[in-house]
Every structure is written in C-alpha cells, then in structure tokens.
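Notes for the one structure printed next.
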Amino acid sequence: MLKINNLTVFYENAIALNDLSLEIGKGEVVGVFGSNSAGKTTLMNTVAGLTLHMKHREQRKGGERITIIGELNFEGENIIDTKPSYRVKKGIVLCRERHPVFRDCSVQENLKLGGYLRKDSNLGESIEFVYKLFPNLKRLSLKKAGMLSGGEQEMLTIGMALVAQPKLILMDEPLLGLSPLMQEEVVRAVREISKQGVTILLSEQYARPIMPIVDRGYVIENGTQIVSGTGEELMDNPEVKAAYFGM
Amino acid sequence: MSQDLILKVSNLAKNFGGVKAVNDVSFELQEGEALGVIGPNGSGKSTLINLITGFVKPSGGRIIYRGENITGLPPYKIVSLGIARSFQMAKPFYNIPVFKNLIIPLYSSRARKLKGGAYGDRDEAAIHFLEDVGFERDSQVPYKAAGALPHGYLKRLELARCLTLEPDLIILDELFSGMSMSEIASILPLLAKIREEGKTLIMVEHRLRELFRVVDKAIVLNFGGKIAEGTSGEVMDNEEVRKAYLGSEVLSGA
Amino acid sequence: MKKKAITFKFLALAILFLLMVTGCGSNDEASIDDVSTIVLGVPTALGSIEGADSLKAVELAVEEINNAGGVSVDGEKRPLEVVSIDTREHEPGLPVHDALAALEKMIVEKKPDAIVVGSFRSEVLLSAMDLIAKYKIPYICTIAMTPDFQKKVSESADYKYMFRMGLNSPYLVNYLSDTMAFINQKFDFNKVYIVTQDVLWAKGTGTGLEKWFQANGWDVVGFDSYPTGASDFSSTLGNARAGNAQVIVPIFDMPQSGILLKQARAMQVPALMAGFISPAASDSAWQTFEGEVEGLVNLVFEIGPIPLQAVPKSVEFNANYGKKYGEETLAKLSGHGPGPAYDSIYVLADAIERAGTLESEALVTALEGTDMDGVIGKIKFTNDHQVIYGLDPKETAIGAVFQWKTPGVRVPVFPEVAAEGEIELPPYIK
Amino acid sequence: MIETVLIYGLVNSVTLILTAIGFSLTFGLSGIANFSHGGLYILSGYSAWMMMHYIGLPFALAAVLTVIQVGILGGLIYRAVIMPVRGIVLSEVVATFAVGVAILEFFRWRGFVTYDFNLPLFIKGSIGIAGVFIDYQRLFIIGIGLMLAVILWFFTHHTRIGLALRGMAQDEYTALSLGIESDWAATLSMALGAALAAVAAIIILPLGIISINMGYDVLLLALAVTILGGLESTNGLIVGCFILGYARVITGTYLGPEWMEVIYLAAIVLVLVVKPSGLCGKSKELEERV
Amino acid sequence: MKKGYRKERLDRGIKARTDDIFAICSPREIAYIALPRFIVIGALLMFPLLAVLTGIYWQNVLIITCTIALLALSWDLLASAGLVSLGQALFFGAGAYVTGFLSHHYGWPPILSVPAATVTGALLCTMLLYPVLRLRGIYFGLITFAMPLLMMRIVEATKILGGTEGLSGLAPLPGMKVELYVIITVTLVCVFGFRRLIDTDYGLVLRAIRDNDRAVMAGGINIQWYKTQAVFIAALPATFAGAFLTHHYQFVGMPAFALEYSILPLTSVIIGGTGSFAGAMLGAFILVPLSEVLRAFGTLRVVIYCLILLVFAIGLPEGIFHYIQRKYYQFERLVPVEEIKK
C-alpha cells in the first residue's frame with residue numbers, strides 16, 4: 001500500500017532520516033520503534049506531508065533549511081511532492097504526537113473537522129461510529145476538547161482521523177504519557193480499527209503494550225532502520241528487547 | 001538516614017476557573033525519603049508540583065518545608081530554601097552551548113551563597129555538574145548548542161540543572177517520559193546516588209516499574225484528589241487505583 | 001526559486017543605495033542658487049488643507065508679482081521664486097524634531113530670503129523660533145495661532161525676525177465675543193455651552209471666551225474639550241439639551257467636528273451653533289453636509305476665503321484664485337490661512353522695495369513699518385510683530401462671521417461694516 | 001441625562017465592536033495582527049466615495065462593491081505581503097503596518113484632505129427614545145453591529161469553513177494533517193477581516209467626514225479593545241468594547257470629555273495589571289493543569 | 001536545484017579559526033575580526049570632521065539618526081530580556097521632560113541636566129513599568145504602547161510641565177561638533193557595551209528569561225528583579241536620547257511622547273535584525289537617512305518610505321545585519337546527498 005524508498009530528510013545540516021526504506025501492506029498494523037529523536041516523528045510528518053509544508057514555509061523566509069529526498073509510493077503514486085490536503089484526500093491521515101486537539105472547540109466540533117474534506121453527507125454515521133468505539137467521547141461530546149484528560153484527547157485524535165475515512169492512519173506515539181488504563185483502551189481501539197480494514201502505521205518508543213497487535217515492526221535509530229521483522233521476531237531479538245521492550 | 005520531617009503538605013487545593021485541579025491533598029515526607037506521585041493524565045500531578053514550587057499560587061491549604069511555611073512564596077525564594085524541580089518537557093536554551101545552560105542556576109542567589117559569595121569559575125563548575133550526570137568533559141557534547149542534544153541527554157541536562165542548585169529536596173516531573181529503556185537504565189544509578197547523598201526525592205511518573213525501583217512509597221491522584229498512599233505493593237493492590245488508573249495489567253515484581 | 005530570491009534581495013539593496021546616492025546628489029543641485037531670484041520658502045504641512053491652500057495662495061501672489069515684472073531690489077527688478085517643503089505637522093504622532101529637520105533642510109539647502117506661511121502646529125512654531133533666531137531669516141507665519149509667539153517676540157530681540165499675519169487666539173476670542181454680544185442683543189440669548197477641541201489654540205480661545213461670558217452676565221452651561229479625533233459628542237449635546245443652552249460655541253479644526261454638526265441635528269438640540277467648525281467654513285460645505293449646516297454661524301478667521309464687498313481686494317482675490325485653480329478648488333478654500341498667506345507676499349515685496357535690500361536686519365525694520373491694504377484688510381504690525389485685527393477693514397485687518405442660509409449660501413452677518421445680511425434663527429429653533 | 005448615557009453608551013460600544021471586529025477576527029482565526037486595518041477602513045470610505053462620484057453608482061451598489069473589493073484586497077495583502085514572512089510576528093506587524101500607512105499616505109498625497117469626502121446616511125432623520133433623540137444611522141449601527149456579531153458566531157460555529165478556520169487558529173499542524181490548507185485559511189481570514197473593516201467604514205463613516213488621520217485612530221482602537229478583551233476571544237472583544245464604550249460616555253458626561261482618553265487608557269492599563277491575559281483569556285491558566 | 005544535491009551552509013575556515021581568540025596569529029585573521037568594527041567606528045568619528053562635504057543639514061540628520069539608534073538599542077536590549085516594547089516614546093519623553101523641567105525651572109546647564117535626566121528618567125520609567133513586568137509578549141507591548149499616550153494625555157489634562165505648549169527656549173548645547181561627538185560616542189559605547197553585556201553570564205540570564213522564563217524561575221532566579229534591571233539599563237540610552245535632543249532643539253512638549261519615537265526604533269530593529277544591537281544601529285542608520293532623502297518626494301515621501309520598508313521586511317525577514325553577517329561568516333555550496341550519508 002505504502003512503500004517508502006530511500007527517504008532522507010535534512011534539517012539544515014543535521015540528518016533526521018537517513019536512507020530509510022519500509023513497506024506497509026494493505027490492512028497491516030506496522031509499528032516503528034525507536035527512542036526519542038530517532039526520527040519517528042519526522043517519518044510520520046514526512047509521510048503526512050507536514051515536513052514539506054514546513055520546508056516551503058522556511059524557504060519563503062529565505063534559506064534552504066529542510067531537504068527531503070526519496071520516494072513515497074502510495075498505491076502506485078509517488079506523493080513526495082504533494083500537499084498535505086492532497087494526501088488526506090488520497091486517504092492518509094495523521095494523528096500527531098501528544099494528541100493536539102482543537103482545544104477551544106467542542107468534541108463534536110472536533111469530530112466534524114475530521115470530516116472536513118469529505119463531500120458526502122454521511123458525516124453523522126462516521127461520528128456515531130467513533131462514539132461507539134469510544135463511548136466516553138459521546139458522554140463528553142459538548143465539552144471543550146481542552147478540558148479533556150490526556151487519554152480522552154488521544155481518543156479524540158484517533159476519532160478525528162477516523163471521521164476522515166482514511167485508508168492509512170498514521171499514529172505518532174499514541175500511548176505517550178497515558179496511564180496504563182488508557183493505554184489499554186487505545187490499544188483496544190487500534191485493534192478495532194484494524195478490523196475495519198484500515199491500514200495502520202504507528203510509532204512508539206515504549207513498545208511493550210502495543211506489541212501484541214503489531215503485524216510487523218521496524219526499529220530505527222538515528223534515522224536509519226536497524227532491525228525489522230514480525231512482532232515475535234522483534235521480541236526475540238535480545239538487543240532490541242533490552243532497549244525497547246522493557247526488562 | 002535521619003527521620004526528620006522535611007515537607008508537610010496539608011489540605012492543598014487549587015481551582016482553575018471552577019475546575020478543581022488539586023483538591024484537598026495532604027501528605028508528609030521525611031528527610032531522605034523518595035516519594036512517587038502517580039495518577040492518570042489531568043489528575044493534577046503537575047499542578048501539585050507547581051504548587052509546591054511556587055509556580056502556581058494555591059487556593060487553599062498549607063505547605064510546610066522544614067517547619068517553615070512556604071505557601072505562596074515565589075519560586076526563587078523556594079529554590080533558595082533548597083527545593084529544586086525539573087520540567088516534564090525539557091526545554092533547554094536552544095541556541096547556547098549545553099554547559100552554558102547551567103550558568104543560569106549557578107547565577108542564582110542560592111548557588112552564590114553556597115559558594116560563600118565568591119564569584120568562582122562558573123563555566124568550570126557547570127562542566128563539573130555536567131560530568132556528574134554523565135556528560136563527558138572531553139567530548140564535544142557539552143560545548144555544542146543545546147538544541148542539538150538527543151532527548152535522553154536533554155533529560156540529563158534537566159537533572160543537572162536541578163543538582164546545580166545543590167538542593168535538599170528534588171522534584172522530578174516525568175523524568176522518564178520519552179526515554180528509551182537503555183537510557184532509563186543508565187540514569188537509574190544516578191538517582192540511586194542522589195538518594196545515597198541523603199537528598200529527598202519526589203518523582204511524578206507514568207513508568208511505574210522504573211519508578212518503584214527508585215521510590216519507597218507513592219501517592220495516587222485522581223481528579224485532583226488523593227485516592228491512595230503507601231508502598232508500591234499497597235498502592236498496586238488498592239482497588240480504587242486499579243479502577244481509575246492501572247486497569248487490568250498486573251505489574252508484578254516491581 | 002532560490003535565484004529569484006537572491007536577485008530580489010540585491011534589487012532591494014540596490015534601490016536603497018541608489019536612493020541614498022541620488023538623495024545626497026540632489027543636495028548639491030539645490031545649492032546652485034540663481035542669484036537673480038528672490039527665494040521664498042514655504043515650510044508647512046502641505047498635506048493639510050490649510051497648508052495646501054496657503055501654498056496655492058502664495059503661488060498666486062508670486063505669479064501676479066512676477067507677471068508685473070518682479071520686485072525691485074536696489075533698482076534691479078528680480079522675480080520671486082517659491083520653494084516648499086512638507087513638514088507633515090498636522091499628522092498626529094509626528095515628533096517636533098521631524099518638522100524642524102524639514103525647516104532646517106529648507107533653510108540650509110534652498111537658502112530662502114524669507115519664509116512665509118510657516119508652522120502649522122503651535123508648539124512647532126514656538127520651537128522653530130529658536131532655529132530662526134539662529135539663521136536670522138525674516139519669517140511671516142500665517143497658520144499657528146498661539147499668543148505665546150508674541151510673548152517670546154517681545155521678550156527677546158533674537159526673535160525679531162518673526163512676524164505673524166494670521167489671526168491669533170486672543171483676536172479670535174474678541175471676534176467670537178463680539179459676535180456673542182451681537183447675538184445677545186439680537187435674540188436676547190444668554191445661556192451658552194462651549195465645546196472645543198483639546199488643542200492649545202482652541203482650548204485657549206474657549207477659556208478666554210468663558211471669562212468674557214462670565215464677565216458679561218451670560219450663563220455658561222458647560223465647557224467641554226474633546227481630544228483630537230473624538231467621534232462622539234453625545235455627552236456634550238445631551239448636557240447642552242438638558243441645560244437648555246441657547247447657543248453652542250464650537251471651536252474645532254478637526255474633520256471629525258463634522259460629526260458634531262450632524263449629531264447636533266440628529267439629537268435635535270434646539271440651540272444656535274455659533275463658533276468655528278473648519279469643515280463648515282468652505283463654500284462647498286452645504287453640499288458635503290447635505291444642507292445640515294443650515295443656520296450655523298461660522299467664523300472665517302481672516303477674510304480672503306470669503307469675498308467681502310467691503311474689502312474690494314478680497315473679491316478680486318477670489319476671482320483670481322478661481323481663475324487660476326478652478327471654481328471647484330475655490331469652493332473648497334479653507335477658512336484659515338490663504339488670505340494672509342497671499343498678503344504676506346505683497347507685504348514682503350513692499351518691504352523689500354522699501355528696504356532696497358534682501359539683508360534681513362533692514363528687511364525686518366521695513367516689515368515693522370508695513371502699512372498697506374490687502375485681502376485681509378488694513379495690514380499693520382504691533383510692536384510684538386502681530387498684525388492688528390479689528391472690526392473695520394479700513395483701520396485694521398478683519399475676520400468675518402457668516403451664517404449658512406438656504407439655498408446654500410454663506411451670508412456675512414458680522415462685523416456690521418461688512419455685513420451683507422441679517423443673522424436669523426434657523427427653523428429648528430422655536 | 002442617564003438616558004443619554006445609556007443609549008449613547010450602547011452606540012459607542014457597538015461602534016467600537018464594529019471598528020475592531022475585523023481586526024479581532026483575523027487575529028483570532030489566523031494569528032495575524034493586521035496593522036493595515038486602519039488603512040483598509042479609510043480606503044473603503046474613499047473607494048465608495050469615488051465609485052459614487054466618479055462613476056456615479058448608487059450608494060447601495062457602491063457599498064456592496066467596496067466590501068467585496070476590499071475583501072479581495074485583504075486576501076491579496078496576505079498573499080503578497082504576509083505569506084513570505086508568515087510566522088515572524090514582528091515582521092508581519094511591520095509589513096502590514098507599512099501597507100496601511102502607504103494606503104493612508106497615498107490618499108493624502110492625492111489630496112484627499114479636504115472636507116468634501118463623506119458618505120450619505122442610509123436614512124436621514126432621527127427618533128426620540130425615552131426623551132433622547134437618536135438618528136436612524138446610529139440605530140443602524142447598533143442593529144448591524146449586533147447582527148454581524150450573531151452572523152459571525154454562527155459562521156464560526158456552525159459552518160464547515162468557519163470551523164476549519166477556527167481549527168487552523170488553534171492548532172495549525174493538526175488542521176493541516178486533516179487536510180485544511182493553512183495558507184488558504186489565512187487568506188480567507190484576512191479577506192474576511194478586511195471586508196468587515198469595509199462594512200464598518202460604510203456604516204460608521206456617514207456620521208461625519210472621511211479623514212485620513214482617522215485611519216490611525218481606528219487601528220489604535222481595534223488594537224486596544226482586542227487585547228483588552230483577551231486575544232482570540234470574541235466574547236472578550238464584546239465585553240471590552242462595552243466597558244470602554246460606556247467608560248467613554250460616562251467620563252465624557254460626568255467628568256468632561258478631556259478625561260475621556262485618560263480614563264480609557266488607564267482602564268486598559270488597569271485591566272491588564274489585574275488580569276494579565278485580558279478579560280476573557282483564561283486558556284493559559286488551564287494549560288498548566290495537565 | 002539539482003536533484004540529489006542539497007545546499008549546505010558552512011563556516012568559512014577563517015571564521016572557525018578566529019572563533020577562539022587565542023588562535024589568531026596572522027594579520028589577515030586579525031583584520032577579519034576587527035575590520036568591520038573599525039570601519040564603523042572610523043566612519044562615525046570621521047563624519048563631524050567632514051563638515052564641508054556633508055553640510056550642517058546632514059550633521060543634523062546624523063544626530064537624529066543616533067537618537068533613533070539609541071532608542072532602537074534600548075528596544076533590542078529589552079527584547080533580549082523578552083520584553084517587547086511598543087512604546088520607546090515613554091523613555092524618550094521621560095528623559096526629555098526631566099531635563100526640560102530641570103533646565104526650565106532650576107536653570108541647570110545641559111552638562112548637569114542631561115546626565116541627571118538620563119538617570120532620573122530611567123528610574124521613573126522603571127518605576128512606572130515595574131507593576132506590569134510580569135506581563136508577557138503582546139500584552140506588555142500594549143501596555144508600553146498605551147503608556148506614552150497616557151502620559152501625553154495626563155500632561156494635557158493636568159497642564160503640568162507646560163501643558164500643551166511645552167517648555168521652549170531651553171539652554172542650548174555648546175555647538176555642533178561637540179554635540180556630534182557626544183552622541184556618536186554614546187551610541188558606539190552603547191552598541192559595543194550592550195554586545196558585550198549580553199555575552200556575559202548576566203546577559204545570558206536575561207536571554208534565558210526571554211527563551212524560557214519558567215526554567216529560569218526554577219533555576220532560583222528572581223526574574224522580576226532581573227527584568228527590572230533590564231528595564232533600567234535599557235531605559236538609559238533612550239532617556240539620554242530624549243534629554244539630548246531636547247537641548248538640541250531647546251524645546252520639550254507633548255510630542256516628546258510621539259508615536260514615531262515608538263515606531264521608528266521598532267522598524268529599525270526589524271529591518272536591521274534583532275538581538276545583535278549592531279542590527280538595531282544599522283537599521284536606524286538606513287531608515288532615518290532614507291526618510292530624509294525621501295523628503296525630495298514631498299507628500300509622497302511616506303508612501304515610498306513604506307514601500308521600501310515593505311521590500312526589506314519581506315525580502316530580508318532575518319534582518320540586514322544577520323544577512324550580511326551570514327554572508328561574511330559562512331558560504332553555501334551544493335553537495336551531493338550521498339556524500340553526507342555516512
């Protein structure tokens with residue numbers, strides 16, 4: 001579905017992604033694991049097109065600060081030079097890290113915004129689906145999103161992406177900063193979404209809770225992929241295990 | 001280990017526009033102890049720290065530090081009494097070299113008092129403190145711009161910033177968040193060393209396994225209120241804590 | 001993309017550099033002074049209506065004199081030349097130094113033999129006096145109105161180069177108080193409300209007027225001053241209504257005073273407006289205000305912008321001005337400035353001819369002895385270098401009070417010598 | 001007396017709302033402090049006047065055309081001036097301020113300084129309410145001002161585009177990742193703000209005469225009430241306008257108009273000393289809770 | 001740009017070597033560091049001696065330029081401590097009025113009243129701003145914006161200090177040459193002094209307050225106190241400028257709080273580049289003479305001025321000084337991406 005070939009990203013002279021290649025098949029749940037500053041967020045942002053947006057903005061201010069080289073092959077089309085909105089239309093939606101929701105809008109409004117690019121009028125159905133997935137949100141639907149707890153905001157973030165009816169959801173550290181209870185809830189939701197046939201690419205640095213549902217995983221360090229394999233394979237790799245999955 | 005009371009928090013409360021961020025929280029801390037503060041997101045952990053360190057003025061309650069009422073004092077006075085804190089999001093001063101980041105606390109009145117009023121070589125002292133938390137003096141790292149540091153080092157820098165003030169009570173806000181296992185593993189001995197020096201520790205954490213390798217007891221917050229207090233086992237077995245926070249995952253052997 | 005950005009940057013730098021160079025260059029060109037012309041400097045706020053009109057009046061006078069052969073200095077006929085510079089004084093937030101820099105630039109680069117029109121704002125005039133004392137150039141100002149000008153002139157001989165042809169605020173008080181006495185006599189009104197702009201000249205005039213009212217048995221219902229730019233006058237109008245004021249004396253030269261006029265009609269305040277509102281002074285105001293100025297009694301500071309049969313020269317001035325600049329421009333002529341600005345050229349020409357030199361000391365002495373008929377009436381200076389204003393154009397210079405009447409005409413009603421109609425109560429006063 | 005204060009206080013407050021709402025909206029939606037607001041306001045006045053006098057259009061048509069035209073101009077200003085420096089706040093301020101001053105001074109250069117420029121009233125005449133006379137134009141101001149506030153509220157809360165604009169204001173990158181285009185949203189917000197400035201000009205300017213210096217005053221007023229009310233808060237703007245509007249009329253009536261400005265500026269200083277993030281800006285405090 | 005290549009910015013070799021002061025050995029390296037500074041100092045000190053060439057008018061312009069440069073420097077120092085001021089006119093006016101008061105009522109000569117006004121004015125401003133120092137960003141900006149307007153209105157409404165008329169005929173300064181040298185020296189001292197100050201540990205604390213005040217508070221530093229000091233230090237050059245120009249024109253009045261004294265320094269710094277002080281000065285030295293040059297355009301002047309301002313603000317958002325500095329210190333080159341990937 002998505003094939004990333006030799007993706008390289010520079011911030012000024014610093015290299016954030018170094019010749020990274022990975023593949024995501026339809027319906028898979030793929031995990032990208034690595035410590036902070038390993039390049040996970042850059043990868044996610046680059047796939048979603050945000051890095052390109054940042055690059056353009058920096059360029060206008062003068063100075064060639066961000067360089068993106070490589071190929072992003074989504075359903076047979078190279079999307080490396082396309083705008084974020086185009087990618088959303090194609091079906092790639094990103095849930096950014098630290099669940100940044102629209103704080104001053106109500107939960108309901110947030111979800112509506114998720115369906116911003118949808119032309120059909122079945123927004124209500126999708127929102128109902130999200131409410132079914134996260135019953136908590138329904139209860140809070142008129143509350144301002146900024147008043148929600150971190151876990152609820154993460155649910156909302158995922159919910160917004162779902163309303164956009166994506167083919168591929170990118171989740172950047174969905175479990176970061178959540179309590180164990182909330183982590184469980186999110187993992188459950190991811191499994192549920194995957195069952196609907198949506199492809200999922202998620203990144204996480206603390207992989208233990210998410211491992212059971214990941215079909216395939218990549219471990220990256222300093223922008224380069226060092227190990228890849230199925231969930232079990234990764235779990236069995238002693239080096240990786242020590243570093244990323246807890247003792 | 002002496003058993004003097006170092007911090008006594010009683011009935012602490014804070015409202016933000018009608019929201020009770022911290023509600024009637026009390027606890028005591030003996031000299032040399034280490035306390036964990038856990039709870040779901042938004043349960044008021046960070047606010048609690050902000051209240052103790054003076055970043056937020058409480059709506060009610062008292063904070064006694066070594067017999068002195070420090071409720072509502074400005075942060076710099078609280079620091080000068082010997083309480084230092086770290087931030088959850090380590091935001092260094094990006095454009096200046098790493099060691100220069102420590103000049104700020106070294107410039108404070110507390111650091112100057114400790115040095116007996118002497119000016120001293122601050123740069124040298126800064127490097128010294130960086131070494132303490134695992135930076136290598138002879139590598140390029142301490143002289144590079146702080147913005148280029150990898151996350152793990154940022155957290156170490158954050159810790160170094162606290163230690164520079166030579167505090168008696170250290171409050172660490174989610175030190176482990178965003179660190180990899182190996183990074184945490186390398187920082188644990190450091191925390192152990194700090195405890196050996198007899199310093200008191202308060203840690204806000206989500207990473208319970210790692211937390212309980214450092215602290216003796218913990219309090220659990222939910223919706224701003226304290227729902228449990230005790231050793232790791234006591235906390236873990238508490239039914240209310242499980243319901244509100246832990247879920248079904250069993251964290252044995254911590 | 002990148003290339004374009006770089007060229008763009010260099011282009012910007014190049015433009016800047018070019019401007020710097022040409023700026024310094026034009027510096028030298030200007031100093032090539034044609035010996036045969038007499039240079040008159042006009043440093044004023046050219047972006048203001050008073051400044052722009054005064055410059056036009058000056059140019060008209062210069063054209064007339066040059067057509068007649070120029071001014072004879074020491075037997076030699078020399079033409080006049082006008083140089084002007086914009087001081088932007090009328091703009092709020094402009095520091096005094098900027099206006100003074102403009103004045104100094106003109107003096108240093110254009111080397112004028114005399115300066116006319118001059119400062120727009122009182123404080124600029126006062127601080128410009130020190131500059132003029134340094135450069136010793138005869139200076140006839142016609143816009144700024146502060147009485148402190150005369151105080152300074154009489155206090156020190158350093159300031160003897162400065163003269164004023166325009167009205168000052170004490171004279172303004174006199175005119176207004178005389179008008180009020182006239183109104184009192186005519187309609188037996190004695191309840192008055194003063195409302196002024198919060199600037200030096202207007203407030204000073206208001207205070208002077210208040211004293212006169214109190215001394216003459218009037219009941220001053222209220223005295224308000226509005227900051228320049230105020231756009232709501234309901235509090236004054238409400239108070240005036242509640243206090244049953246019969247006359248409202250507005251003293252304003254800001255455009256927003258038009259709001260006062262309209263708002264007074266809208267709030268149906270049954271009082272006669274008599275004072276000075278600059279937007280209502282020109283001939284085109286009836287049209288602008290769609291007739292809402294009816295009944296307003298307004299002062300023209302110095303005649304010139306309004307033709308007065310009693311002063312033949314003012315009629316002539318209006319005709320010539322209309323010929324040169326068009327009737328439409330004539331209709332917009334401001335109520336303060338153009339008359340004396342026009343006359344000051346003739347006064348200067350006269351003084352130069354009498355002195356027979358352009359040397360400033362002699363010129364100042366000659367100016368002090370001025371006695372001639374002009375657009376504004378008889379022109380004579382006092383000891384403190386102020387033209388005397390009075391009620392008879394044969395004796396002194398004169399300002400005129402007119403009333404707006406249907407179908408949109410300005411009828412001079414005061415002073416009585418110059419009156420061409422009767423003052424009447426507008427229909428909205430019962 | 002008290003009736004005058006009540007009614008004209010309302011007029012003043014709503015006038016303030018109208019003058020500031022364009023500025024505040026743009027700021028709230030895209031974080032752009034549009035310092036050309038005053039310039040656009042005066043430009044609208046002159047543009048409508050020119051359409052009426054040079055082309056001979058009826059006022060209603062000229063007004064509509066002006067609003068559209070100034071709206072488009074606002075969008076263009078974003079594209080040409082703000083986009084290249086987007087994100088550098090001070091550069092944005094300086095650039096838009098330069099545009100505004102250039103517009104104003106251009107008119108001054110073209111000689112638009114005489115007292116002949118004014119727009120006609122919608123309906124002439126006045127009406128007595130509780131013994132206080134008020135003209136229809138001012139009633140229009142109250143009516144249209146309040147109507148605009150309601151329309152804008154509806155627009156930003158219940159339409160797709162309005163929601164998208166608000167979303168963009170709160171978190172740009174999240175909005176981007178949902179397919180909302182940031183430059184498009186900002187252009188739209190600038191255009192809206194500019195159009196609102198034009199609407200304000202067309203309703204308020206008929207009260208008096210159009211003058212260039214008013215452009216600077218309008219900008220100052222807009223800036224003051226927006227910050228006083230708390231940035232990006234429409235409720236705050238309205239509360240701020242009412243406080244300042246009534247403060248002005250009350251001081252004007254009971255203390256003398258010369259104190260109007262002093263009280264008004266002092267009110268701003270006082271409010272900010274007591275409440276550093278403006279009257280309705282409490283989001284900052286909440287952030288610390290997490 | 002060529003595919004597979006990227007642009008890289010690298011320090012020039014000479015820059016890398018001269019970064020450490022002890023490494024300098026060759027005249028070329030000394031010149032590399034010192035020349036830009038000496039050219040500026042030299043040019044400024046030479047200016048008054050060239051009276052024949054420049055004419056009295058341009059000398060006058062230089063005085064105004066230095067005045068604005070001082071205000072801009074003051075702005076930049078405040079901004080370095082995170083205080084974005086929109087009201088430099090407050091400082092200017094305070095200095096101007098204090099010296100005006102001393103000179104007018106007590107007849108102090110400028111040599112006494114200017115220094116006294118500099119210090120007293122700065123103290124007064126610090127006291128005025130003390131209660132609002134906890135405000136940040138645009139809120140502090142608005143307060144400072146309102147302050148000079150408020151002062152102006154207070155002078156107007158209460159009629160103290162000459163009211164709307166102001167105080168005129170104050171004692172003059174001893175002559176153009178002395179004036180020029182005094183103000184040039186003060187400007188240079190401020191530029192280089194501030195540049196040095198901001199590099200010390202003290203300056204570091206100020207900059208840190210701007211970047212992350214919470215971290216500084218956690219570092220045990222009383223930021224309120226440091227901000228107060230910053231305001232006082234920053235106010236000094238501005239109050240001096242006010243006092244100096246007051247005696248230069250022998251007049252002080254309400255326009256001392258004029259908006260332009262707030263806007264010009266701000267635009268100067270934006271055009272020149274923030275944070276470097278040299279940028280602030282450069283900006284003033286471009287904008288003020290530019291404005292004078294444009295007088296030739298009469299009433300069109302401001303329009304052209306604004307358009308040029310716009311070109312600079314958009315074309316070089318980082319500021320002219322930073323742009324020049326970057327070109328001086330760094331070069332750019334295209335490198336194939338493969339080469340850097342190790």
Side-chain angles (χ1 to χ4, degrees), chain D residues 27 33 39 80-111 113 216 220 223-224 226-228 230-231 255-256 258-270 272-278 281 284 288, chain E residues 75 79 84 86 128-159 214 259 263 266-271 274 283 297-319:
Chain D
F27 193 93
V81 174
I82 303 172
M83 215 157 85
V85 290
R86 190 74 212 276
I88 314 173
V89 179
L90 281 173
S91 289
E92 280 179 17
V93 166
V94 168
T96 48
F97 189 65
V99 171
V101 176
I103 292 175
L104 292 174
E105 297 299 323
F106 174 80
F107 280 110
R108 205 191 297 277
W109 174 61
R110 296 303 301 158
V113 289
Y216 295 100
L220 291 192
L223 197 65
T226 306
I227 297 181
L228 179 72
L231 297 167
L255 207 62
E258 62 263 48
W259 290 98
M260 256 166 30
E261 299 288 304
V262 177
I263 296 293
Y264 162 77
L265 290 165
I268 294 174
V269 173
L270 209 69
L272 288 187
V273 167
V274 177
K275 246 186 148 269
S277 49
K284 270 211 195 81
E288 291 172 356
Chain E
W75 188 94
V84 176
L86 293 176
L128 268 175
L129 289 179
Y130 182 78
V132 296
L133 281 181
R134 67 198 176 103
L135 299 190
R136 270 180 297 184
I138 188 119
Y139 295 102
F140 182 79
L142 184 78
I143 286 283
T144 48
F145 189 81
M147 283 266 190
L149 299 177
L150 186 63
M151 298 308 284
M152 204 192 278
R153 295 297 175 189
I154 287 175
V155 169
E156 185 181 21
T158 57
K159 294 168 195 63
R214 288 166 66 85
L259 197 57
I263 292 172
L266 177 66
T267 45
S268 296
V269 184
I270 301 298
I271 295 300
T274 48
F297 290 93
T299 37
L300 192 57
R301 166 185 167 210
V302 190
V303 180
I304 299 176
Y305 179 80
C306 284
L307 294 181
I308 293 175
L309 197 65
L310 206 58
V311 167
F312 277 101
I314 296 174
L316 289 173
E318 60 187 330

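Chain letters run A, B, ... following the sequence lines, proteins first and then strands; every chain starts at 1.
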inquiry  = Could you go through E/T267 and D/F97, starting from their C-alpha distance and side-chain angles, then the distance that decides it, and tell me whether this counts as side-chain contact (heavy atoms from CB on, under 4.5 Å)?
reply    = CA-CA 10 Å; E/T267 45; D/F97 189 65; 5.7 Å; no
message = How long is the straight-line distance from CG of D/L223 back to CZ of E/F145, given to the nearest 0.5 Å?
response = 6.0 Å
query = Can you name the one residue among D/L104, D/V101, D/I103, D/V94 that meets side chain to side chain contact (heavy atoms under 4.5 Å, CB included) with E/C306?
reply = D/V101
ask   = In Å, rounded to the nearest 0.5 Å, how long is the span from OG of D/S91 to CD1 of E/I271?
value = 7.5 Å
message = Can you confirm whether E/L259 sits close enough to D/Y216 that some side-chain heavy atom of one is under 4.5 Å from a side-chain heavy atom of the other?
response = no
note = All heavy atoms of E/P317 vs all of D/I88, minimum pair found to be CB-CD1, 3.5 Å
CE on D/M83 to CD1 on E/I314, rounded to 0.5 Å = 11.0 Å
inquiry  = Let's test your reading of the structure: which of E/L300, E/V303, E/L307, E/V132 forms the most heavy-atom pairs below 4.5 Å with chain D?
reply    = E/L300
task = Please look at D/I82 and chain E and tell me whether the side chain, the backbone, both or neither of the residue comes under 4.5 angstrom of a heavy atom of that chain.
result = neither
key: Heavy-atom closest pair, residues D/V85 and E/A313   = CG1-O, 3.3 Å
key: CZ-CZ distance between E/R301 and D/R108, expressed to the nearest 0.5 angstrom   = 12.0 Å
query = Is there side-chain contact between D/V89 and E/V84, with at least one heavy-atom pair below 4.5 Å?
reply = no
ask   = Checking heavy atoms, do the side chain of D/A80, its backbone, both or neither come under 4.5 Å from chain E?
value = backbone
key: Region of E/I270 that comes under 4.5 Å of a non-hydrogen atom in chain D   = side chain
